[in-house]
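Structure first, commentary second.
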Amino acid sequence: MSSVPNLLIGLSCPGCGGAVDVTEGSRLAFCPYCGSALAIIADDAGVARLMYKMDVTETEAESAARKWFGAFPKARDLAATAVITEIFPMYLPFWSMVGTGKGIACGYSTHTNKDGHTQTTYHEDSSDAEYLWSVIACQTGDLGIVTPPELNGRLLPYTEGDIPVFETTSSRDEAYDQADTDIRMEAHRRAASGIETLTFSKTFCIPREFSLLYYPYWIIRYQYRERDYFVVLDGVSGSPVSGRAPGDQTYQALAAGLGAGFGGLFAGLGIAYAMFSDSEYALAGLSGLVIGLILVLAGYWMFRFGSEVTEGKLTGGISFSMKGFGQKTVREIER
Amino acid sequence: MAMIVKNLKCSSCGAPLKAKEADLILFCTSCGKTMEFKDSDVGEVSPHILAPVREDKDLIYLPFWGIDADVVVMHEDTVGGFLRITKKPMRGACRFYVCAADLLPRKTAGWNLEFTRNFPKATEIPDFRGILHMPAVKSSRTAEKDAEFLFLKHEIDLSGTLQELEYTFSILGHELYYIPFLRRGDDLRPAV
Ligand SMILES: [Zn+2]
C-alpha cells in the first residue's frame, strides 16, 4: 500500500515571473501571484520529466555505507579494512503512471458435494481503485536496481544536463501500454478472484498522470583484499538498495560444518530407522534421510556461495535482505 | 526539451483566464462564461448548478460530468433473479453521472451510481451564491470510460447473476453539473 507522493514542481509564470507550483503530470496550473491560468506543454514526446531532490549528502552516504559494511553476515573486518575507491551521485529514470483501474468479471465455479452431486456457483464481481504504477526505464548493468523506490521526497522539474543520469532505454509508448496493461490486469485479478470459468469480463484504465521520474542514488565502489565490490544507496532515505560484499569465512565454515554434521546425523538415524523398524516407521526413517540430505546440501550451498553477500535483486551470493522482493509495480493508492 | 508554460485565454471574449487552484473548469471573470480545459486549450461548457436543500455553512459544490450515451445490448444471459422492477436495465439513450473531483473511487462510486439511477430533482441556480466548489480533475473525455463502467456496474447490480453480455456504448455528449454536498470533517453527503 502506498500513499500519494508529494507531487509539486516549480516553474515560472510567463506573465509575472512568479514561481508556479504544478501538480505532477497535470497539464494545467495557476500562478499564485497574478492568478493566471496556465497550460503546461510537455516536451516533444509529451512526457513530463521530473526529478526527486537528493536528500543524502556525500558524507551521509559514506557513513551509511560504512554502517552497511559492519552489518551481519559480511566479513567481520570489512568495516575496518574496506577502501572506498569511488563515490558518486546517479539518477535513474522510472516511468510512472497514476490511474484508476476498473474491472467487471462474470462466470461460474463448480464443486462436488459429499453425495457426489456437482454444484455450480455463479459470480458477478467488480473492482474499482486508484493505482500507482512504476517501472525502471533504463538498464542498470551490474548494479541490479530494478525495483521502483517508494516515490516520496520533493519533486523538481528535470533539465537535461543538470544531473548525472542513466540513459532511458525503453520507449514512452511501450511504457504507457505496459502501465495500461498492468493496471487493467490488477483490476481484473481483483474482480475475477474466485471465479473458475470466466464468461464475461471487461477492464478499464483511466490514467491521470504519466511521467518520467528521475530518482537519486549514491553509487559507492570499494575494495576489500584487492577485490572490487559496490553498494548503492537510496538518495532520499539513505538506505542500501543493492550491493555486493565479501562474506565471513568463519560463518561460512561453521555453516558448512553444521550442515554436514547434522545432515549426516539425520541421514544416519533415518537409515537406521528404515532398516530396523516396522514398515510403519520406515517412512519416518526415510523422511529423516531426506532432511539429512537437504541439510548437507544447504551447508554446501553456504560454503559455495557464502563468500559473497548481496543486497537487493542480484544473482549469486547469500541475500539476507528481502528488500526488493515481492514488490509489485502496481500499488493501490490510499489517502 | 523543457516544459513550456502558456497563458490560457477565454475562447469567447479572449480575456486571460484566472484561477485560484488547478481546476479543469475555468470561469471567465470578464464575460462570465465557463470553460473546460482540454489538453492545452479551453472550450465552452454550460454548468448546471443545483440549489442546496437548505443553507448551511458547511456546504460545498462537487463537479460531476453528465455523460450521455446510447446503450445497445445485442445479447445478454443472466442466471436466476426475479422480475426487474426496482432496478431497471439501462438501454437506449442514457445519462451517467461521474464525479470529477479529486477523490478516490471508494468515495465517489456510490454517488455516481446513486445519481445515475435517481438524479435529484433540484432547481438550478445561476451561480454558486458564495458557496465554495471543489476543482474538477477528471476531464469529460476520461469520464466517458467511467460512464461505461457505471453501465456495467448497474448491469451486475440488477436482479440475477450476469453471465454473458454483448453491447455497444456510444457517447452522445456531456454536460457539467455542480451538486451541493454537506462536509463534516472527512465526511461528504449530498445536500439535494
Ligand atoms: Zn470571457
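No hydrogens, no waters, no symmetry mates; every other heavy atom, side chains included, goes into these values. Here is the naming used below: chain letters follow the sequence lines, and residue numbers restart at 1 for every chain.
Both the backbone and the side chain of S36(A) come within contact range of chain B, judged by heavy atoms closer than 4.5 Å. For C205(A), the part lying under 4.5 angstrom from a heavy atom of chain B is the backbone only. For chain A, the nearby parts of D146(B) are the backbone and the side chain; heavy atoms of each come within less than 4.5 Å. Residue contact with chain A, scored on non-hydrogen atoms closer than 4.5 Å, involves the backbone and the side chain of K6(B) alike. Heavy atoms closer than 4.5 Å to chain B are found in both the backbone and the side chain of Y122(A). Using a 4.5 Å cut-off between heavy atoms, L26(B) touches chain A through its side chain atoms alone. Interface remark: T120(A) contributes no atoms to any contact with chain B (heavy atom separation under 4.5 Å).
The two atoms that bring I333(A) and R106(B) nearest to each other are O-NH2, 4.4 Å, heavy atoms only. For F149(B) against S126(A), the heavy-atom pair with the smallest separation is CZ-CB, 4.3 Å. For G160(B) against E124(A), the heavy-atom pair with the smallest separation is O-OE2, 3.1 Å. Nearest heavy atom pair, residue T142(B) against residue P207(A), reads CG2-O, 4.5 Å. Between Q163(B) and Y108(A), the closest heavy-atom pair is OE1-CD2, 3.6 Å.
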Subject >> Verdict with supporting geometry, H123(A) and L162(B), side-chain contact (heavy atoms from CB on, under 4.5 Å) >> reply: CA-CA 8 Å; H123(A) 308 267; L162(B) 182 72; over 6 Å; no
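Between E155(B) and I104(A) the shortest side-chain heavy-atom distance does not fall below 4.5 Å. Between F30(A) and L8(B), the closest side-chain pair of non-hydrogen atoms is not below 4.5 Å.
The neighbour count for D186(B) CG, taken as heavy atoms of other residues, nucleotides or ligands under 6.0 Å away, does not exceed 12. Counting heavy atoms of neighbouring residues, nucleotides and ligands inside a 6.0 Å radius, atom CZ of R183(B) does not exceed 12 of them. More than 12 heavy atoms of other residues, nucleotides or ligands shown are found within 6.0 angstrom of CD on E21(B).
To the nearest 0.5 Å, atoms CZ (F204(A)) and CD (E144(B)) are separated by 12.0 Å. Atoms OG1 and CD, from T108(B) and E130(A) in turn, are 9.5 Å apart once rounded to the nearest 0.5 Å. Within the model, atoms NZ of K138(B) and OG1 of T100(A) stand 5.0 Å from one another, a figure rounded to the nearest 0.5 Å. How far CZ of F151(B) is from NZ of K202(A): 10.5 Å, rounded to the nearest 0.5 Å.
For the pair T199(A) (side chain) and E164(B) (backbone), a donor-acceptor distance under 3.5 Å is absent.
With respect to chain A, the highest number of heavy-atom pairs below 4.5 Å among E166(B), K9(B), E148(B), K153(B) belongs to E148(B). Put simply, of C106(A), A39(A), C13(A), the one with the most heavy-atom pairs under 4.5 Å next to chain B is A39(A). Top candidate by heavy-atom pairs under 4.5 Å with chain A, chosen from D77(B), N7(B), D23(B), V137(B), is N7(B).
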